[in-house]
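Everything below concerns the one structure shown next.
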Amino acid sequence: MLDKLRRRQTVMPLGINLLKGFAVLVFLVMVVLMLQNVDLLQPRQPKSKDHPAINSTKPPTDPPVTRDFCTFEPRSPAEAQEERLLLDSIAWPETPILPAPISLEQTSDPANSTFTILSRGEWHVGDQLRVLIRINDFQGHVKKSGGDVLVARLHSKTLTAGVAGQVEDHLNGSYSAVFPLLWEGDAHVEVMLIHPSEAVTVLHRLTREQPDRILFTSLFHTPHLDQSTYCNVCLRQTSQPQCDFTDLRTGEPWFCYKPQNLDCDTRMKHAKGKFTQKLEAEEDKLFQKHVNMKVYIKASGPDGVTVLPSKKGQTRVTKDTGRYNPSGYYYQGVWRALGGSRVQQFNTSSAISQCLKGKMVHLYGDSTIRQWFEFLDVSLPDAQHFDLKGSKQAGPHMKLDHKNRFMITYRCHGPPLRFHDIPVSQLRYIANELDGLKGGSDTVVVIGIWSHFSTFPIEVYLRRLQSIRRAVVHLLNRGPGTLVIIRTSNLKALTLYETLTNSDWFTIQRDKVLRAIFKGVNVKLVDAWEMVLAHHLPHSLHPQPPIIKNMIDVLLSYVCPKK
């Protein structure tokens, strides 16, 4: 009996040891599996030619790119509804998914495309000319979808006349352009492909995935240390803390990475930083000057018509005809408005001074508004230009005429702003500046803001316009008689850099939003888009002097309407 008990005691420790060993083995297997799973979850570096089998398990510094890191909630339910309606109204037709690798063969080719004037017996002033545009690819095949970016104008070199056309996308590779016939004599059609639909696919992706492809910098300064960091409307989250410079009154967002050794309140200067071009392989083929970017399309037959005098009793072209009616047109190099104030000519400094007598004119916006200040500055040599110690680009600038008691000021809008070395103290949001004005019949406000918002989702621009509109409405309420004038956006010359940051496709969307936001508000428009498109001079971000002269005449005609 004692021997059996001793044998049982010997066996039991052995069984316990076996169980312990099995548990340890299971634990080791689980650890190995966990490590394998962790390895599978780590991002891998692409295999290189030098080290084809090496994969890095180091986690990335920044979090993965998300599509919504540059979105902001609307300020109110009403503005949220307005945003949805506006986004629906500017929705672009679906564009093709790009093949890999990219080939131009099945993309839109302006050299293989044509336009045709739809024929009729004879043409008279007051008629509308209709043109059919057919887009083919580089193989000569008709495109089956829409989404190309096209503009058109009707012009006469002999009469120095021109008018913008309206282009309609039929979503099947064909388009229509419509023009009002506004002058007697010759009238020739021009159709230009700005971008093929495949390029729009790329631009749309850039806006969605890389809204921060232009980075801005801020200089942080103390007597003993200077540090610069990157800033933006939309700043990616990293391990580096951020400084929140969101404007307390308007709610306009702005963020900077916090400098390592300085506080956020030591920020001194703003400047444009680097541009990061992140195209996929071969995508630059879709943005080639003289090939598929800003290229004229040829006519399949006659490119023009001869316009006869209007028929007796024929309806004149006005804004109330229910047909396409532009805001105006050029004739003998002079802009003529349609359905609005008559545009007068202010050809001398005396004429301009008399118009501005007793007025305070405040110009707010980007460099295309500063261009107006510079034109007036040169045109009014007897008025004094005060040095306000601002930069040439950003201002502030002031022109003062004591004799005629008028003042003209210019100030740039708040960030995003691609200017250099602007003191933070001079970064002012337009809405806040408007809130500081008394207003009244002696006050003229001019606003132009669009170009610096092109790299961001349209919602960012929409929010800015909503805050400006709110300030405009308040100004008009407390200062009845205040004249508010909005300058629209315009076409420009395009390089690859300009396209990726400031394409005409981006501008078209912002132009539509701008007009919709201020529709129904008591403001006047200077239609820079049509005034650049209709003119014979090349497209330019900063239009040439003859176009600026016409814009200033429109501006002054609003200030001093002919009685």
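Judged by distance alone, the side chains of His204 and Thr95 never bring a donor and an acceptor atom under 3.5 Å apart. Glu498 and Ser503 share no side-chain donor-acceptor pair at under 3.5 Å. Inspection of the Thr250 and Asp247 side chains reveals an N or O donor paired with an N or O acceptor under 3.5 Å. For the residue pair Lys294/His539, the side-chain donor-acceptor check at 3.5 Å is satisfied. Between Gln227 and Gln260, the side chains place no donor N or O within less than 3.5 Å of an acceptor N or O (distance only, hydrogens not considered). A side-chain donor from one of Ser327 and Glu530 sits under 3.5 Å from a side-chain acceptor of the other. Side-chain contact, Lys143 with Ser108: a donor N or O sits under 3.5 Å from an acceptor N or O. For Ser451 and Asn502, the side-chain atoms include at least one donor-acceptor pair closer than 3.5 Å.
Applying the salt bridge (charged side-chain N to carboxylate O under 4.0 Å, His left out) rule to Glu283 yields the partners Arg205; only residues at least two apart in sequence or on another chain are considered. Taking Glu190 as the reference, Arg153 meet the salt bridge (charged side-chain N to carboxylate O under 4.0 Å, His left out) condition, with sequence neighbours excluded.
Salt bridge status for Glu79 with Arg84: absent, with no side-chain N to carboxylate O gap under 4.0 Å. A salt bridge links Asp377 and Lys399; the closest N-O separation between the charged side-chain nitrogens and carboxylate oxygens is under 4.0 Å. Using a cut-off of 4.0 Å between Lys/Arg side-chain N and Asp/Glu carboxylate O, Asp553 and Lys549 are scored as salt-bridged. A salt bridge is defined here as a Lys NZ or Arg NE, NH1 or NH2 lying under 4.0 Å from an Asp or Glu carboxylate O, and Arg75 with Glu82 fails to meet this definition.
Between the Gln344 side chain and the Cys560 main chain, a donor and an acceptor come within less than 3.5 Å of each other. A donor-acceptor contact shorter than 3.5 Å links the side chain of Arg213 to the backbone of Leu206. Between the Arg267 side chain and the Val424 main chain, no donor and acceptor come within less than 3.5 Å of each other. Asp263 places no side-chain N or O within 3.5 Å of a backbone atom of Asp265 that could act as its donor or acceptor partner. A distance-only check finds no donor-acceptor pair linking the side chain of Gln166 to the backbone of Phe179 [under 3.5 Å]. A donor-acceptor distance shorter than 3.5 angstrom exists from the side chain of Thr499 to the backbone of Thr495, with no hydrogens or angles considered. Side chain of Asp148 to backbone of Leu150: no donor-acceptor contact under 3.5 angstrom is found. Using modelled atom types, no side-chain atom of Tyr329 and backbone atom of Leu338 make a donor-acceptor pair closer than 3.5 Å. Formation of a donor-acceptor pair under 3.5 Å by the Ser89 side chain with backbone atoms of Leu86 is found in this model. For the pair Ser540 (side chain) and Lys492 (backbone), a donor-acceptor distance under 3.5 Å is absent.
Distance check, rounded to the nearest 0.5 Å: CD of Glu433 to CG of Leu437 gives 7.5 Å. Summarising the geometry, atom CD belonging to Glu73 is positioned 11.0 Å from atom CD belonging to Glu459; distances are rounded to the nearest 0.5 Å. Between the OG atom in Ser391 and the NE2 atom in His420 there is a gap of 10.5 Å [rounded to 0.5 Å]. Interatomic distance, Lys357 NZ to Asp442 CG, rounded to the nearest 0.5 Å: 14.5 Å. Atom NZ of Lys512 and atom CD1 of Ile517 lie 15.0 Å apart (nearest 0.5 Å). Annotation: the span from Asp504 atom CG to Leu203 atom CG amounts to 10.5 Å, rounded to 0.5 Å.
Annotation for Pro93 and Leu171: closest pair CB-CD2, 3.6 Å, computed over non-hydrogen atoms. Contact detail for Leu286 and Glu198: the closest heavy-atom pair is CD1-O, 3.8 Å. Here the shortest heavy-atom pairing between Pro253 and Val233 reads CG-CG1, 4.0 Å. Nearest heavy-atom pair across Phe506 and Leu500 is CE1-O, 3.9 Å. Heavy-atom minimum distance, Arg463 versus Gly251: NH2-O, 3.5 Å. In terms of heavy atoms, Arg478 sits closest to Leu434 at NH2-O, 2.6 Å.
Remark: Arg464 fails to qualify as a cation-pi partner of Phe453 under the 6.0 Å distance and 45° angle criteria applied to the six-membered ring. In this structure, Arg428 forms no cation-pi arrangement with Tyr364, as its terminal cationic atom is not both closer than 6.0 Å to the ring centre and no more than 45° off the ring axis.
For the ring pair (Phe, Tyr, Trp, His ring centres under 6.0 Å) test with Phe419, the passing option among His413, His270, His452 is His452; the others fail. Checking Leu514, Asp511, Asn490, Thr488 one by one against Trp450, the side chain to side chain contact (heavy atoms under 4.5 Å, CB included) holds for a single residue, Asn490. For the side chain to side chain contact (heavy atoms under 4.5 Å, CB included) with Ile485, the qualifying choice from Val554, Val445, Leu555 is Leu555, the only one to do so. Among the candidates Tyr230, Phe275, Tyr257, Trp254, the single residue satisfying the ring pair (Phe, Tyr, Trp, His ring centres under 6.0 Å) test with Phe216 is Trp254.
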Can Asp435 and Arg249 be said to form a side chain to side chain contact (heavy atoms under 4.5 Å, CB included), step by step?
-> CA-CA 10 Å; Asp435 285 342; Arg249 294 180 64 183; 3.3 Å; yes
Between Ser218 and Lys269, is a side chain to side chain contact (heavy atoms under 4.5 Å, CB included) present by the stated rule, with each step listed?
-> CA-CA 5 Å; Ser218 276; Lys269 287 187 177 181; over 6 Å; no
Could you go step by step and tell me if Leu525 and Phe518 meet the side chain to side chain contact (heavy atoms under 4.5 Å, CB included) rule?
-> CA-CA 9 Å; Leu525 286 184; Phe518 285 99; 5.7 Å; no
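Ring orientation note: the planes of His397 and Phe373 are close to parallel, at an angle under 30° on the 30°/60° scale.
No side-chain heavy atom of Val361 sits under 4.5 Å from any side-chain heavy atom of Phe406. No side-chain heavy atom of His535 sits less than 4.5 Å from a side-chain heavy atom of Gln544. Between Thr207 and Thr455 the shortest side-chain heavy-atom distance does not fall below 4.5 Å. In this structure, the side chains of Thr368 and Arg487 come closer than 4.5 Å at one or more pairs of heavy atoms. For the pair Trp335/Met531, a side-chain contact is recorded, criterion being any heavy-atom separation below 4.5 Å from C-beta on. Contact annotation: the side chain of Ile447 approaches that of Val472 to within less than 4.5 Å [non-hydrogen atoms, C-beta and beyond]. For the pair Met551/Gln371, no side-chain contact is recorded, criterion being any heavy-atom separation below 4.5 Å from C-beta on. The side-chain heavy atoms of Leu475 and Thr443, taken from C-beta on, include no pair separated by under 4.5 Å.
A disulfide is assigned to Cys256 and Cys231, since their SG atoms are nearer than 2.5 Å.
Here the two rings, on His362 and Tyr410, have centers that are 6.0 Å apart or farther.
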